[in-house]
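Report on the following structure.
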Amino acid sequence: MNDYEPRGIRELIRKSKAGHYTSSYQLIEIYYEGIAGIKKDLDKAQYYKELFIQQFTHYQFRLASIKLVNFKGFNDLELDFSVNNNTTVLVGNNGSGKSTILDAIQKVLTHISSRLTTRSYNGEQIDEIEINNNANFTTVTPVFSIDDRLFKMELSQSRALSTPKVKSKYTEINDLGKFLGEANSIDKKFPYPLLACYTVERANDVTTKDIENSDEILDSHIWDKSKGYSKSLSGKADFKLFFRWYKELVEADNEDNSEIKVLKAKIKSKEEEFNSPLLKELIANSKDSDTSRALVARHHEDIKKLTFELNNFSNLTTHTLEFVSKAIYIFLPGFSNLKVQRKPLDLTIRKNNKELSVLQLSQGEKSILALVADIARRLTLLNPASDNPLSGTGIVAIDEIDLHLHPSWQQKIISRLESTFENLQFIVTTHSPQVCHTIDSEYIWLLKEGRKYRAPKGVRGGVSSWVLKNLFEVEERPPEDKFTQLLSEYKKLVYENEYSSERAVSIRQRLKEHFGHDYDYLVELDMYIENREWEKTFDQN
């Protein structure tokens with residue numbers, strides 16, 4: 001061993017100085033273990049630890065792409081997810097495979113969460129029943145990115161007795177877990193990425209059982225980063241966990257909280273001690289002595305430290321409550337004052353100046369409340385040192401994002417998700433034109449017969465009926481409805497100049513009675529008829 005640094009080490013040092021956290025991580029191992037011909041140097045190892053954490057703290061975690069081979073109904077499908085936009089929308093008919101893609105994403109995310117929370121490799125495996133009927137194996141290949149570094153994984157399963165067996169590959173995903181784990185070991189407040197999936201079952205979560213008195217609700221609980229992943233990939237927005245967590249935050253923020261009471265009691269005791277007649281007399285008799293001045297200074301310093309501790313304790317809790325409540329109010333306009341009611345135990349919220357239990361909200365309101373509350377809670381747990389925990393990074397998959405939402409809410413849901421949780425990647429499915437016409441066409445995938453297609457240009461800002469027909473391939477009117485058929489027949493008669501026929505006049509009357517005389521479709525045909533009559537008169541003259 002000598003002090004000479006090989007060319008490879010010098011290159012790592014150069015990259016580390018240029019901001020490459022992976023190079024800094026490698027240098028930590030090299031100097032800590034004394035490998036690659038380099039002497040063990042704990043000072044340098046510590047230097048690169050500090051540099052690594054600085055470079056890695058403000059990272060962006062994304063799913064760059066996913067490939068499905070023989071998985072359920074797909075033979076071979078690869079989807080790319082743009083790094084330039086936070087949201088990707090999947091559309092298609094029932095049975096087109098939208099939920100299948102989210103199922104695959106959920107499975108691979110369990111392999112990341114297991115490496116972060118338990119340091120094990122016990123992620124969810126593919127069941128044999130999920131192998132395409134015409135194949136002997138299946139492989140799901142996601143590619144994750146942390147800034148510009150890619151991490152590939154292959155999750156595979158083979159049928160029993162089939163040969164050769166296809167094996168899963170975890171090498172790069174293990175490296176990803178090591179990077180995040182090392183950062184957390186250096187700094188316990190290091191932010192972890194949110195990994196969450198929400199199925200259609202999320203809408204059935206808010207019930208009496210979620211807020212009733214129970215040991216699960218009433219018992220105190222230790223909240224740490226690992227709890228940010230608890231049930232996050234189960235498909236449900238766990239409202240009971242949110243209520244318990246929110247309840248404990250409120251109690252911590254309450255002036256009757258025992259820790260705050262202890263701090264206040266200490267401050268009061270110090271002040272009373274300082275103002276006691278005995279101490280005042282002692283100070284007065286020796287006010288010019290060093291001992292007296294030191295005593296006064298020590299009392300002031302003790303009170304200052306206790307006051308600082310009290311303010312920090314209160315402000316941290318209040319800060320968290322404000323962020324979570326603010327997120328909920330953004331999605332529920334006209335709502336305010338979310339609070340815990342003691343007797344009977346309940347979670348209430350003010351809607352248009354009327355206080356309601358969360359159980360009294362509509363299904364759509366409860367669905368949004370449960371979803372947003374769950375995301376916000378997990379982000380605050382995973383970003384313990386952030387000034388704005390809602391700006392944390394991560395991946396969130398949501399099936400049928402339009403579920404139970406009024407069309408006007410459907411038009412706002414994506415923009416509000418992106419503005420409230422600005423660094424999260426959302427992968428969502430929908431059957432709603434109102435959701436899609438708020439998204440650029442390049443971020444929408446149409447799934448059909450096991451294949452992917454880009455959305456037609458002009459979806460964003462397009463009329464809902466146009467999006468319905470050109471993206472969802474659904475007719476603007478129900479084709480089997482009798483009034484749709486009457487409109488079609490009448491239009492044909494008009495353009496064949498048979499609008500004066502007995503049949504046309506009869507249909508026109510029925511349509512007028514049904515749609516009204518000022519229905520735009522009829523007005524347009526009336527204008528055509530007037531124009532044709534004018535042309536006839538002109539020709540005659």
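Counting from 1, the numbers follow the sequence of the chain as shown. These numbers were taken from a predicted model, which means no experiment stands behind them.
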Looking only at side-chain N and O atoms, does Asp402 offer a donor or acceptor that is under 3.5 Å from a partner on Thr430? yes

Verify whether one side chain among Thr393 and Gln60 offers a donor that lies under 3.5 Å from an acceptor in the other. yes

Can you list the residues that meet the ring pair (Phe, Tyr, Trp, His ring centres under 6.0 Å) rule with Tyr59, with sequence neighbours excluded? Phe56, Phe190

With sequence neighbours left out, write down each residue that passes salt bridge (Lys or Arg N to Asp or Glu O under 4.0 Å) with Arg460, or none if nothing qualifies. Asp440

Under the rule for salt bridge (Lys or Arg N to Asp or Glu O under 4.0 Å), what residues qualify as partners of Glu130, not counting sequence neighbours? Lys72, Lys107

Nearest 0.5 Å please: distance from the CH2 atom of Trp445 over to the CD atom of Glu442. 10.5 Å

Does the salt bridge (Lys or Arg N to Asp or Glu O under 4.0 Å) test come out yes or no for Arg14 and Glu11, once each step is laid out? CA-CA 5 Å; Arg14 184 190 68 77; Glu11 181 63 15; 2.6 Å; yes

With His300, which residues qualify under ring pair (Phe, Tyr, Trp, His ring centres under 6.0 Å), at least two apart? Phe274

Contacts satisfying salt bridge (charged side-chain N to carboxylate O under 4.0 Å, His left out) that involve residues 73-88 (not counting sequence neighbours) are none

Contacts of Tyr31 meeting ring pair (Phe, Tyr, Trp, His ring centres under 6.0 Å) (sequence neighbours excluded), chain-then-number -> Tyr48

Using the test salt bridge (Lys or Arg N to Asp or Glu O under 4.0 Å), find all partners of Lys167 that sit at least two apart in sequence or belong to another chain. none

Considering residues at least two apart in sequence or located in another chain, which fulfil the side-chain hydrogen bond (donor to acceptor under 3.5 Å, both in side chains) criterion with Gln55? Ser24

Would you mind listing every salt bridge (charged side-chain N to carboxylate O under 4.0 Å, His left out) that reaches into residues 411-426, with sequence neighbours excluded? none

Tell me every residue that passes salt bridge (Lys or Arg N to Asp or Glu O under 4.0 Å) with Asp302, counting only those two or more places apart in sequence or in another chain. Lys270

Side chain to side chain donor-acceptor pair (under 3.5 Å) pairs touching residues 139-151, sequence neighbours excluded, are Thr139-Ser156

The side-chain contact (heavy atoms from CB on, under 4.5 Å) partner of Ile173 among Lys152, Arg115, Lys178, Glu154 is Arg115

Assign the ring pair Tyr21 / Phe179 to parallel, tilted or perpendicular, where the plane angle (0 to 90°) is split at 30° and 60°. perpendicular

Quick one: ring pair (Phe, Tyr, Trp, His ring centres under 6.0 Å) partners of Phe81, sequence neighbours excluded? none

